[in-house]
Structure formats: C-alpha cells, structure tokens
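Just so you know, ligand 1 is whichever comes first in the structure, and atom 1 is the first atom listed for that ligand. Starting from 1, each residue takes its place in the sequence as its number.
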Amino acid sequence: MDIRLAPMEGVTDAVHRRIHHRLFGGVDKYYIPFITPSIHRVFTTRDLRNIAPENNAGVPCIPQLLTRDAELFLWAANELADLGYDEVNLNTGCPSGTVTAKGRGSGMLRDPDALRSFLDAIFSASPLPVSIKTRIGFYDPAEWPAILDIFRQYPVKELTIHPRTREEFYKGSVHADAFAFAAAEVNMPLVFNGNLFSVEDCMALQEKYPGLPMMIGRGLIANPALGRQLHGGAPATHEELQRFHDALMDEYAREYPADTAHSRMREHMKYLSCCFAGAEKALKAIRKSTPKTYPAAAAQLFSLPLAENPGYDPDVFTK
Ligand SMILES: Cc1cc2nc3c(=O)[nH]c(=O)nc-3n(C[C@H](O)[C@H](O)[C@H](O)COP(=O)(O)O)c2cc1C
C-alpha cells in the first residue's frame, strides 16, 4: 500500500516528520506544508526550517508551493532542485480566505484562463516534475469536469484529489463520485485524499481502486500508527504514544521558544486525544494549559486507557 502523510501547516513540520518516521513509520512519503515564495526570492527562516535537507534527513519528503506567480514558482522549484528534491507539488486546494483572496490555492480554480497560462509557464520550464494537489471546484462540484480538463493537458506527475469544493473546507463527506469521474476520465496517476480516518476506510477505498496511493492527514495525526497498520503492522501501544509525545515535546522545546513549542504540542494533543478513552476532561485541561501547567495536563491524558478504536473523531474539533 502506498501511504502519504498530507501536508498540514502548523502540524506536520520537520520535527513531527523526523519523529514520526523514526518511531512509527508506515508512511511512504511526507508532504511538506506549503511554502509561499516571496518577491524577494529568498526562503524565510521558517521555510528553511521545513525544507532544509538536514532537517529531513532520511525522511522521504515532497515540498509544496503555494503561488499563482509562475516566475516565483520556477525560482522556488530551481532552489528546491538545488537542495536535492526530485518533485515539487503545486497547491490548488487551500481554502483559507486569506489565501484565496490573493487568487492562490483553491482561488486558482476560479479563473481557468489564468490557471492555464500559469500551468503553461511552469510545465514548460520546471526543473522538477510537478505534482498537483487540488479540490474539485470553488463553489460547486459541477466545476470539476472543466477543471480536470485543464489539468489533463499537462504532464502532471500525480494529481492528488481532495474531492470537496473550496466552500466545503474540510467538513462533511467527500464527493466520491467526483473522484470516480476522474478515475474513469483521465490517464494521469491519481492520489486520493480526504476522510480516510481508519484502517477500514482505507481498505474500502483499496477495494474500489486497488493500489491507489492514499494521502492521509487528520487520520494519521490522530492515530500515528495508521500507516504501519495499513502495512500489516501493529496498532500503537500506550507506551509508544507516550514515547512519541515525549520526543515531540523535547524536540519542540529544543527548536522553538516555549510559547511556540507549547502551542504545537496543544495542537498535536487535540488529535492524539482520539487514541484515548474518555479524553474530554484531559483535553480541556490541555487546551487551557500554559507552558508551565502543560506537563500535568498531558499526564492526565496519558493516565487514561486507550480507546477501543483509536482514530480521528471530528467531534473533538467542533467543541
Ligand atoms: C491544520 C491544517 C493545515 C493544512 N495545511 C495544508 C497545507 O499546507 N497544504 C495542503 O495542500 N493542504 C493542507 N491541509 C489540507 C490537508 O492536507 C488535507 O487535504 C485535509 O486535512 C483533508 O485530508 P484528511 O481528511 O485526510 O485530513 C491542511 C489541513 C489542516 C486541517
């Protein structure tokens, strides 16, 4: 099975990638969250923290760019090639208002002519093969056939489809029919992304599309052993989760100021709490914690037994 970890800005950083790869594995490729190349044509310290090869040593990674400026895309792709990457991923899926307002991410799907000229320019000069991660429309799934018709004109290395519109963000169910349409209509290699939260979800997809690569986000953050399980390995033990938590905390503390390290840990714990039975009270304590009170709040979570079916629970995120 071909399992990829979805890029999640603020969650799947280099610290997480290194530790996840070492302690759990089961992920064939890790996508680096988006980088927005600036007109100054230098990577920021934050970008470099994510993409510097020494920060991702031994971890198979694909960097992602978020821009609608073809020249800046090509500048960044050249830099990434020099750093040793062998693929670059284009983000045409980000639904955030601040991103789409600038015509980037899924905002690119609103303007087919501009998208076409952008793709003409990058595919004719990119030093690296380009893969794309996309949504199926901005407002309406009815936009999908026309968008797909644009992508199919280019030698896209892989098209990862998150079958939702921009308006749907990450909520509700995915449009399985939009993915099926692409699978039937185009020859380019596809990757599926969206709502794969459990071994069962992934197996059901594999039954429909044998061998289809799966990009998993929230499901793998909530259950870090999911990739390993899909490769036939064991579920996470209590001890492993504790070790994973402690390694993340130590490494964040080494690399970031206390406030940033604390907020990264709080974010991870929101997801990891899905591994524990009756986690609400402990999660509330973690949410309200300060860097000083965090260790006690985390210990509260780790005093709980494992959930029978650990996995991403959307309810945790709506409270
Ligand atoms: C907090 C957060 C940050 C994200 N950051 C990125 C990103 O940098 N690039 C990207 O292509 N998608 C990003 N996404 C979308 C995910 O990669 C993925 O498409 C989404 O979570 C749906 O997949 P899932 O149902 O497996 O979680 C982000 C999603 C979340 C929740």
Who gets closest to atom 23 (O) of ligand 1 by heavy atom: Asn193, Ile216, Thr160, Leu66? Asn193
Counting the benzene-type ring for Trp, do His16 and Tyr30 have ring centres under 6.0 Å apart? no
Counting from 1 in the order shown, the ligand 1 atoms closer than 4.0 Å to a non-hydrogen atom of Pro33 are 8 (O)
Return the residue, atom name and 0.1 Å-rounded distance of the protein heavy atom closest to atom 15 (C) of ligand 1. Tyr170 OH, 3.0 Å
Arg104 NZ/CZ over Phe34 ring centroid, <6.0 Å and within 45° of normal: no
Looking at atom 9 (N) of ligand 1, what's its closest protein heavy atom, distance included? Gln64 OE1, 2.8 Å
Heavy-atom proximity to atom 8 (O) of ligand 1, best of Tyr31, Phe34, Tyr271: Phe34
Ranked by distance from atom 26 (O) of ligand 1, the top protein heavy atom is Gly217 N, 2.8 Å
Is it possible for you to check whether Arg135 lies under 6.0 Å from the centre of the six-membered ring of Tyr170, through NZ or CZ, and within 45° of that ring's axis? yes
Under 4.0 Å, heavy-atom basis, I'd like to know which part of Tyr312 is in contact with ligand 1: side chain, backbone, both or neither. neither
Around atom 30 (C) of ligand 1, find the nearest protein heavy atom and jot down its residue, atom name and distance. Met8 CE, 4.0 Å
Find all atoms of ligand 1 within a distance of less than 4.0 Å from any non-hydrogen atom belonging to Glu9, and give their numbers and elements. 1 (C), 3 (C), 4 (C), 5 (N), 6 (C), 8 (O)
Partner set under ring pair (Phe, Tyr, Trp, His ring centres under 6.0 Å) for His238, not counting sequence neighbours: Phe276
Check whether the side chains of Asn50 and Arg17 place a donor and an acceptor atom closer than 3.5 Å, and report yes or no. yes
Test side-chain contact (heavy atoms from CB on, under 4.5 Å) applied to Ser126 and Asn78, Leu80, Leu74, the passing residue: Leu74
Test of ring centre spacing under 6.0 Å for Phe192 and Phe179: yes
So if I count the atoms of ligand 1 from 1 in the order they appear, which ones are less than 4.0 Å from some heavy atom of Asn195? 24 (P), 25 (O)
Does only the side chain of Lys133 get under 4.0 Å from ligand 1, or the backbone, or both, or neither? Count heavy atoms. side chain
Under 4.0 Å from a heavy atom of His162: give me the atoms of ligand 1 that qualify, with their elements. 22 (C)
Looking only at the side chains, is there a donor atom on one of Thr44 and Asp47 sitting less than 3.5 Å from an acceptor on the other? yes
Between Trp75 and Phe43, does the ring centroid distance fall short of 6.0 Å? yes
Here the atoms of ligand 1 under 4.0 Å from any heavy atom belonging to Ala6 are 17 (O)
When rounded to the nearest 0.5 Å, the distance separating CG of Leu90 from CG of Leu119 is 7.0 Å
Within the structure, is a non-hydrogen atom of Gly194 found at a distance of less than 4.0 Å from ligand 1? yes
From the candidates Glu267, Arg218, Arg164, the one that places a heavy atom nearest atom 21 (O) of ligand 1: Arg218
Taking both backbone and side-chain atoms of Pro7, is any N or O found less than 3.5 Å from an N or O belonging to ligand 1? yes
